[in-house]
Amino acid sequence: MVDAFGVAVVGFGWMGRVHAQAYARVRHHYPQLPLRPELVTVAEEVPGRAEQAAEQFGFARATRDWREIAGDPRVRAVSITAPNFLHREIGVAMAEAGKHIWIEKPVGLGTADARAVADAVAKAGVRGAVGFNYRNAPAVETARTMIAAGEIGAVTHVRIRLFSDYAAHPESALTWRYERERGGSGVLGDLASHGADLARFLLGDIVSLTADTAVFVPERARPSGATAGHSRATGGELGPVENEDYVSCLLRFASGARGVLEACRVSVGEQNNYGFEVHGTRGAVFWDFRRMNELAVSRGTAYQDQPVSTVYVGPGEGEYRAFQPGAANAMGYDDLKVIEAYRFLRSVAEDRPYGATLTDAVHSAAALDAMARSAESGAWVTVPSAQAGCTG
């Protein structure tokens, strides 16, 4: 028997649209899912945007006040895709109201915020999922399986890169994203949060690190009205960019492996250049998000001059089977969010975690806070273990 399951989305910029689309698609790809998401309410404070979303996506109701959702018994789960500074308040409120939550990274402005949401989820006995979508790529899950099985030997070192140009234009508007109080730690929260999650997902806990950060576009123009995404502004009053454009970081893992993580939001000529290279004592595995369904793999016993082969993931890897019938058929970014929606809803249906949880968000936030402390002090910093005590 399929259970109608009311959901709401808070914040309807680009990511809110992605969540709504994922809910609409999830049962097409996972017909066995015992929950059928129904779009009940969309909340967005920008005038007219919620109404437009309701008309386009079929939400039963639109509101500018997210607080109205907390008391609505029709809503059983909430997607939180609002700006970072609102994550903690909304996440805690929804969990306390008994709503399951699917929340975008970085879950607030730091470890304290992520832990507060994690604790609220655990106390309320609800489920929580976090938007670490890149770990959902079947090729990434395949790489993790290979690493765990020792197919490349003992891991020695990894390099993780997240380069983008979304903030490279000097006329990009000075939105909340560039303010410390509302946007938090800049590219650390935007991109390095994914990098920290991938590092731990693939190699285990990060125990210490040292980092350097920089701001390369120090001023931007204030927008004259509401913005969405990475819009531009010209002629407005200039204001300071308060958080980081760039971070580079050396990592030490509990396993003894070493790593390099580098992220930049102002990399001219780079569009979503995200990926990793993991090296072991007998081989290596490489992944590039722009070739999401491929892995480059070196394994064997030759060591020196050992060749690298391209492997196309197929129906036997990760969630690939739910989208394509044979290897080398392309999957895309939005498919990763459908996987995320499925794992969130499955965790609710079975009352056990599937996919990234609030505990993973706390781990990532702890690494980001350590990066910020290291960049300020110039020293190696210990990354504290996440002891959130949550089941979400």
Task: Where at least one partner belongs to residues 13-28, residue pairs that pass salt bridge (Lys or Arg N to Asp or Glu O under 4.0 Å), sequence neighbours excluded - done: R25-D335
Open item on the list: Checking the side chain of E44 only, and the main-chain atoms of V46 only, is there a donor and an acceptor separated by less than 3.5 Å?
Closed with: yes
Open item on the list: Please determine whether residues V266 and V247 belong to a single hydrophobic cluster, defined as Ile, Leu, Val, Met, Phe, Trp and Tyr linked transitively by side-chain heavy-atom distances below 4.5 Å.
Closed with: no
Open item on the list: Would you say that V241 contacts N243 through its side chain, given a criterion of any heavy-atom pair below 4.5 Å between the two side chains?
Closed with: yes
Task: Whether T281 side chain and A154 backbone form a donor-acceptor pair below 3.5 Å - done: yes
Task: Trace of the salt bridge (Lys or Arg N to Asp or Glu O under 4.0 Å) decision for E242 with R182 - done: CA-CA 10 Å; E242 298 175 349; R182 297 196 296 166; over 6 Å; no
Open item on the list: The test is ring pair (Phe, Tyr, Trp, His ring centres under 6.0 Å); show your working for W14 and Y333 and say whether it passes.
Closed with: CA-CA 13 Å; W14 169 67; Y333 175 90; 5.5 Å; yes
Open item on the list: Could you see if Y274 belongs to whatever hydrophobic cluster contains M292? Use Ile, Leu, Val, Met, Phe, Trp, Tyr and a side-chain cutoff under 4.5 Å.
Closed with: yes
Task: Donor on one side chain, acceptor on other, R290 and N272, under 3.5 Å - done: no
- [ ] Indicate whether any N or O donor in one side chain lies under 3.5 Å from an N or O acceptor in the other, for S364 and S193.
- [x] no
TODO: Search all heavy atoms of A137 against all heavy atoms of W287 and return the closest pair with its distance.
DONE: CB-CZ2, 4.0 Å
TODO: State, to 0.1 Å, how close G16 and F12 come at their nearest heavy-atom pair, and which atoms those are.
DONE: O-CE1, 3.4 Å
- [ ] Over all heavy atoms of both residues, which pair between A263 and L191 is shortest? Give the atoms and the distance, please.
- [x] CB-CB, 4.1 Å
Task: Chi angles and distances behind the side chain to side chain contact (heavy atoms under 4.5 Å, CB included) call for V297, M146 - done: CA-CA 10 Å; V297 179; M146 290 174 54; 3.5 Å; yes
Open item on the list: Any non-hydrogen side-chain atom of W102 less than 4.5 Å from a side-chain atom of V7?
Closed with: no
Open item on the list: Is it the case that atom CD in Q32 sees more than 12 heavy atoms from other parts of the structure closer than 6.0 Å?
Closed with: yes
- [ ] Say whether, by atom type as modelled, one donor and one acceptor occur between the side chain of H87 and the main chain of G108 under 3.5 angstrom.
- [x] yes
Open item on the list: Using side-chain heavy atoms (C-beta onward) and a distance below 4.5 Å, is E319 in contact with M331?
Closed with: no
Task: Reference residue V78; test side chain to side chain contact (heavy atoms under 4.5 Å, CB included); the match among I69, D72, V126 - done: I69
TODO: For the pair R258 (side chain) and G256 (backbone), establish whether a donor and an acceptor sit closer than 3.5 Å, ignoring hydrogens and angles.
DONE: yes
Open item on the list: Can you see whether N136 engages E340 through a side-chain donor-acceptor pair at a distance of less than 3.5 angstrom?
Closed with: yes
Task: Residue pairs involving residues 264-274 (criterion salt bridge (Lys or Arg N to Asp or Glu O under 4.0 Å); sequence neighbours excluded) - done: D245-R265
- [ ] Could you walk me through whether F201 and F132 pass the ring pair (Phe, Tyr, Trp, His ring centres under 6.0 Å) test, one step at a time?
- [x] CA-CA 10 Å; F201 184 69; F132 289 129; over 10 Å; no
TODO: Share the residues that join W380 in a hydrophobic cluster, the rule being Ile, Leu, Val, Met, Phe, Trp or Tyr side chains under 4.5 Å apart at the heavy-atom level.
DONE: L250, V260
- [ ] Flag the pair F344 / Y23 as yes when at least one side-chain heavy-atom distance between them is below 4.5 Å, and no otherwise.
- [x] yes
TODO: Evaluate side chain to side chain contact (heavy atoms under 4.5 Å, CB included) for I101 paired with V117, printing each intermediate quantity in order.
DONE: CA-CA 10 Å; I101 63 172; V117 179; 3.6 Å; yes
Open item on the list: Side chains of R177 and D190, heavy atoms from C-beta outward: is any pair under 4.5 Å?
Closed with: yes
Task: Joint cluster assignment, Y354 & V130, ILVMFWY side-chain distance < 4.5 Å - done: no
Open item on the list: Looking at every non-hydrogen atom in both residues, tell me the closest pair between A114 and A361 and how far apart they are.
Closed with: CB-O, 4.1 Å
Open item on the list: Applying salt bridge (Lys or Arg N to Asp or Glu O under 4.0 Å) as the test, list every pair that has at least one member in residues 130-155; sequence neighbours left out.
Closed with: R135-D197, R135-D360, E141-R343, E151-R299
Open item on the list: Donor-acceptor pair, distance only, cut-off 3.5 Å: does the side chain of D334 make one with the backbone of V18?
Closed with: no
Task: Heavy-atom side-chain contact between V268 and D165 under 4.5 Å - done: no
Task: Side-chain (K105) to main-chain (H194) donor-acceptor, under 3.5 angstrom - done: no
- [ ] Might you work through the side chain to side chain contact (heavy atoms under 4.5 Å, CB included) test for L162 and F289, ending with a clear yes or no?
- [x] CA-CA 10 Å; L162 299 109; F289 169 66; over 6 Å; no
Task: Validation row: R282, Q306 side chains within 4.5 angstrom (heavy atoms) - done: no
- [ ] Find the distance between NE2 (H363) and OG1 (T111) and round it off to the nearest 0.5 Å.
- [x] 11.0 Å
TODO: Give a yes or no answer on whether the side chain of S374 reaches the backbone of A370 with a donor-acceptor pair at less than 3.5 Å.
DONE: no
- [ ] Indicate, with yes or no, if M371 and V381 share a hydrophobic cluster defined by side-chain heavy-atom contacts under 4.5 Å among Ile, Leu, Val, Met, Phe, Trp and Tyr.
- [x] no
Open item on the list: Tell me whether Y134 shares a hydrophobic cluster with F286, the cluster being built from Ile, Leu, Val, Met, Phe, Trp, Tyr side chains joined at under 4.5 Å.
Closed with: no
Open item on the list: So does D351 get a backbone contact from the side chain of R127, meaning a donor-acceptor N/O pair under 3.5 Å?
Closed with: yes
Open item on the list: Surrounding CD of E376 (heavy atoms of other residues, nucleotides or ligands, distance under 6.0 Å), is the total greater than 12?
Closed with: no
Task: Y178 versus S172, side-chain donor and acceptor atoms under 3.5 Å - done: no
Result block: side-chain N/O donor-acceptor pairs under 3.5 angstrom for residues 307-317, not counting sequence neighbours:
{"from": "E317", "atom 1": "OE1", "to": "G314", "atom 2": "N", "distance (Å)": "2.6"}

TODO: Considering only NZ, NE, NH1 and NH2 on the basic side and carboxylate oxygens on the acidic side, decide whether D205 and R200 come within less than 4.0 Å.
DONE: yes
Open item on the list: Looking only at the side chains, is there a donor atom on one of Y246 and E262 sitting less than 3.5 Å from an acceptor on the other?
Closed with: yes
Open item on the list: Out of the candidates I160, I147, T156, only one should pair with V278 under the side chain to side chain contact (heavy atoms under 4.5 Å, CB included) rule; please name it.
Closed with: I147
Task: Other residues, nucleotides, ligands: >12 heavy atoms within 6.0 Å of E277 CD - done: yes
TODO: Supply the atom-to-atom distance I206 CD1 to L251 CG, rounded to the nearest 0.5 angstrom.
DONE: 5.0 Å
Open item on the list: I'd like to know if the side chain of T213 reaches the main chain of S248, judged simply by a donor and an acceptor atom lying under 3.5 Å from each other, with no hydrogens or angles considered.
Closed with: no
Task: salt bridge (Lys or Arg N to Asp or Glu O under 4.0 Å) pairs, two or more places apart, involving residues 83-98 - done: R67-E89, R88-D113
Task: Nearest heavy atoms of S185 and R180, plus distance in Å - done: CA-NH1, 3.6 Å
Open item on the list: Within this structure, what is the CG-CG distance for the pair L261 and L198, rounded to the nearest 0.5 Å?
Closed with: 9.0 Å
- [ ] Taking all non-hydrogen atoms of both residues into account, name the closest pair between N84 and P106 and its distance.
- [x] OD1-CD, 3.5 Å
- [ ] Quick one: do V348 and F5 satisfy side chain to side chain contact (heavy atoms under 4.5 Å, CB included)? Show the steps, please.
- [x] CA-CA 10 Å; V348 172; F5 190 76; 3.9 Å; yes
Open item on the list: Taking the side chain as everything from C-beta on, heavy atoms only, tell me whether F57 gets closer than 4.5 Å to V42.
Closed with: no
